[in-house]
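Only one structure is covered here, and it is reproduced in the block below.
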Amino acid sequence: MPPQTIRKKSEDWELVPNLLDYDAARENFSWEHELGLLDGLPGGGLNIAHEAVDRHASSDRREHLALRWLDRNGEATDFSYGDLSELSNRFANVLRDLGVQKGDRVFALSERLPALYVTALGTLKNGSVFCPLFSAFGPEPLHSRLSIGEARVLVTTESLYRRKVASLRESLPQLQYLLLVREKPQGELPDGTLDFQQLLDGAADTFPIENTGPEDPALLHFTSGTTGRPKGALHVHEAVLAHHASARLALDLHPQDIFWCTADPGWVTGTSYGIIAPLTIGATMIVDREEFEPERWYGILREQKVSVWYTAPTAVRMMMKYGTELARQFELPALRFMASVGEPLNPEAVLWGQEAFGLPFHDNWWQTETGGIMIANFLSQPIRPGSMGRPLPGIEAAIVRPSEDGSVEIIEEADQEGELALKRGWPSMFRSYLHEEERYRKCFRGDWYLTGDLARRDEDGYFWFIGRADDVIKSSGHLIGPFEVESALMEHPAVAEAAVIGVPDPMAGEIVKAFVSLKPGFEAGETLQREILALARKRLGPAVAPRQLQVEDSLPRTRSGKIMRRLLKARELGLPEGDTSTLEHPGGR
Ligand code: ATP
Ligand code: MG
């Protein structure tokens, strides 16, 4: 695919990509230089909220639109950088007045409401640690995260409080303050809670920001729980260097952009790129209160003139399910760059972007632990559909084989499979798994952080995802990565989603079993199943192709949209399902 040229977005500005020459950008990169692009605080201090908001609020960008929030009806409420600065100052004052200290953990459990963004930024200004929770969690996952994280403050909505939190309070003795956002006030506030808005209104709108150091804790994110019990990954203020650099280089964000990250701040993408990164750039970000609905989403892209769009494979698959025709009905002249993260993006989906929007999706890879994008397909470089792209400037990635003696063997040769590893020391690297020292230590071998994902690197330095180490299938001496098999299945026009697992087999050790869901208009039946299996065999050869195929209405996924292969496997083998706290439809199938 040829390199993308940048479109002229409007009459008065034209863009040059932030990264033009990949090799030169890598060579010339230094984190010191990146630090120089930010403000910093006196005496070597660094605070994410200062870089995201106050830096712009004290410049001629003060009145620039920072956040446009869309309510259920699509009505917009606008916040300039100046507004966000004052509101977050107010919230920081609220925390300080309550005696909430630097390092204390402030949790948020809220739908995407303006208060959530104010909470995040005000918490950081106070030097406290911001811990977002996904609003659709039930009481049990909430309880475990609030207690692991020793929450001192929780900002939530009145309705979520009544439905989910009230019954947990007695068993969370360290949870001192409950601040409720009242969308539709329901009589008196419940006992022992405070009114978020009232506190905000009563607080001063100036605040001497806490002079946090680069290594001071800032964010606590729980992982998606795709492979097991979620882990609490702790990040520090220095992470902002990576947020800013990756937004510039991997997402090509410019201050003129209107950026829409569709992820919820309950997950790391929705905080790193749905709050912090676009603000550090000085861009405008769109926040939609509602969930995915194709016409709504296409309408937002068009009405809000979104220029850079960051979404996830699960959303792309849904859009594909609704069809190209629908997407094409929406003219999107402002849209100039589309990226995706969270799961492997099948080549089929990359190309569908081109068909439906005239632009391909650029896949990029990272994890909660890495805090920011590590590997990406860049705007100015050719995309290799199915590849995650190349490491960002400042990031060393390698394919390694951990050895028994505790060291790692780095595989220099191209096209070899192994574990994806990153050279430690980038600013947004997690600094611990909360209360799990040993688990944290085990992720590192010498200078290398082991990601738990398997991949290979081609001779031009592009990385190709094979699967999570936990999901890889061993069949007749072959190691089979689910991604390749799933991509082949997705090529069939009837297949909407695919997931493969290994099931025990006396001869082969394991054989590949596929689960698929179908696009509307296709009926499950033996002929169709045979046809899909035949296509996979043709693409992959008999050693790798699935032997069995089962059609499901939908596949189990995490609330952040990732297919949970471990659950398919547990169900197939009649084993316990393990931690299902992040499952989208607990109990349902
Ligand atoms: P848990 O660690 O609790 O099992 P999780 O790994 O799904 O959950 P996240 O940190 O949200 O939690 O997800 C990161 C993982 O998602 C990566 O390690 C990788 O397996 C997968 N992933 C993210 N982006 C991509 C991508 N572009 N291609 C392939 N896989 C990806
Ligand atoms: Mg993980």
Side-chain angles (χ1 to χ4, degrees), residues 132 134 141 144-145 148 219-233 235 246 250 263-273 310-316 339-347 349-350 361-377 383-392 397 419-422 428-430 433-434 436 439-440 442-443 449-456 462-472 481-484 486-487 499 556-567 578-584:
F134 189 47
S144 62
R145 286 162 180 77
I148 295 174
L219 304 160
L220 174 67
H221 286 295
F222 288 92
T223 60
S224 298
T226 314
T227 53
R229 192 162 46 91
K231 300 148 272 191
H235 292 279
S246 57
D264 187 272
W267 311 112
V268 71
T269 307
T271 299
S272 291
Y273 298 96
Y310 196 20
T311 189
T314 181
V316 178
S340 155
V341 72
E343 280 188 295
L345 188 67
N346 314 88
V350 174
F361 283 101
H362 292 70
D363 188 17
N364 57 53
W365 176 96
W366 57 291
Q367 336 173 281
T368 309
E369 291 85 344
T370 73
I373 302 170
M374 298 282 110
I375 296 179
N377 284 283
I383 289 185
R384 297 201 173 164
S387 159
M388 310 186 279
R390 290 190 281 182
L392 261 66
E419 185 160 356
L420 176 61
L422 302 166
S428 61
M429 185 182 88
F430 69 136
Y433 281 136
L434 204 61
E436 296 193 84
R439 204 169 181 185
Y440 183 73
K442 277 195 178 146
C443 299
Y449 162 65
L450 305 181
T451 65
D453 285 345
L454 301 184
R456 64 187 168 79
Y462 283 77
F463 283 76
W464 298 76
F465 184 76
I466 292 172
R468 293 163 183 267
D470 295 3
D471 291 338
V472 163
F483 177 46
E484 189 187 12
E486 290 159 8
S487 289
R557 65 180 79 247
T558 63
R559 292 199 178 272
S560 54
K562 295 164 193 257
I563 296 173
M564 291 169 102
R565 291 172 194 79
R566 71 168 159 101
L567 219 58
D579 187 298
T580 52
S581 63
T582 62
L583 180 63
E584 194 176 38

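Each ligand, and each atom within it, is numbered from 1 in the order the structure gives. The basis for the numbers below is simple: all heavy atoms, side chains too, and nothing from hydrogens, waters or symmetry mates. By convention here, the first residue in the shown sequence is residue 1.
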Residue, atom and distance of the protein heavy atom nearest atom 15 (C) of ligand 1 read R468 NH2, 3.4 Å
**Asked** Can you tell me if W366 has a non-hydrogen atom under 4.0 Å from ligand 1?
**Response** yes
Check contact between D363 and ligand 1, using heavy atoms of the residue and a distance below 4.0 angstrom. yes
Practice problem: Compute whether any side-chain donor of one residue and acceptor of the other, for T269 and Y310, lie under 3.5 angstrom apart. | Solution: no
Going by the 4.0 angstrom heavy-atom rule, the piece of F465 near ligand 1 is side chain
Could you check whether any heavy atom of V341 sits closer than 4.0 Å to an atom of ligand 1, since that is the contact criterion I want to use?
yes
Atom 10 (O) of ligand 1 has as its nearest protein heavy atom T368 OG1, 2.5 Å
Note: ligand 1 atoms sitting under 4.0 Å from heavy atoms of N364 are 24 (N), 26 (C), 27 (N)
### Query
Is there a donor-acceptor contact under 3.5 Å from the side chain of N377 to the main chain of S387?
yes
| request: Using only heavy-atom distances, determine whether the side chains of D579 and S581 contain a donor-acceptor pair under 3.5 Å. | output: yes
**Asked** Given side chains that start at C-beta, do those of F463 and L420 come closer than 4.5 Å, heavy atoms only?
**Response** yes
All heavy atoms of S224 vs all of T582, minimum pair found to be O-OG1, 2.8 Å
- Query: Going by atom types alone, do E369 and Y440 pair a side-chain donor with an acceptor below 3.5 Å?
  - Reply: no
So the atoms of ligand 1 within less than 4.0 Å of a heavy atom of K562 turn out to be 7 (O), 9 (P), 11 (O), 13 (O), 14 (C), 15 (C), 16 (O)
Ligand 1 atoms nearer than 4.0 angstrom to some heavy atom of P344 are 28 (N), 29 (C), 30 (N)
The protein heavy atom nearest to atom 12 (O) of ligand 1 is S224 N, 3.2 Å
Below 4.5 Å, heavy atoms only, C-beta onward: do I375 and W366 meet side chain to side chain?
no
Residues T368 and V268: closest non-hydrogen pair is CA-CG1, 3.8 Å
closest protein heavy atom to atom 22 (N) of ligand 1 is G342 O, 3.3 Å
For D453, the ligand 1 atoms with a heavy-atom partner under 4.0 Å come out as 17 (C), 18 (O), 19 (C), 20 (O)
Report task. Flag Q367 as yes when one of its N or O atoms lies below 3.5 Å from any N or O atom of ligand 1, and as no otherwise. Result -> yes
* Consider every N or O of M388 and every N or O of ligand 1, then say whether any pair is closer than 3.5 Å. => no
Worked check of ring pair (Phe, Tyr, Trp, His ring centres under 6.0 Å) between F465 and W365:
CA-CA 9 Å; F465 184 76; W365 176 96; 8.2 Å; no
Atom 26 (C) of ligand 1: closest protein heavy atom, distance to 0.1 Å, is E343 O, 3.3 Å
Would you call E584 and R557 a salt bridge, using N to O less than 4.0 angstrom? yes
Atom 2 (O) of ligand 1 has as its nearest protein heavy atom K231 NZ, 3.0 Å
Closest to atom 4 (O) of ligand 1 among protein heavy atoms sits T227 OG1, 2.4 Å
Atom 5 (P) of ligand 1: closest protein heavy atom, distance to 0.1 Å, is T226 OG1, 3.5 Å
Discussion item. Within a 6.0 Å radius of atom CD on E484, are there more than 12 heavy atoms belonging to other residues, nucleotides or ligands?
Written reply: no
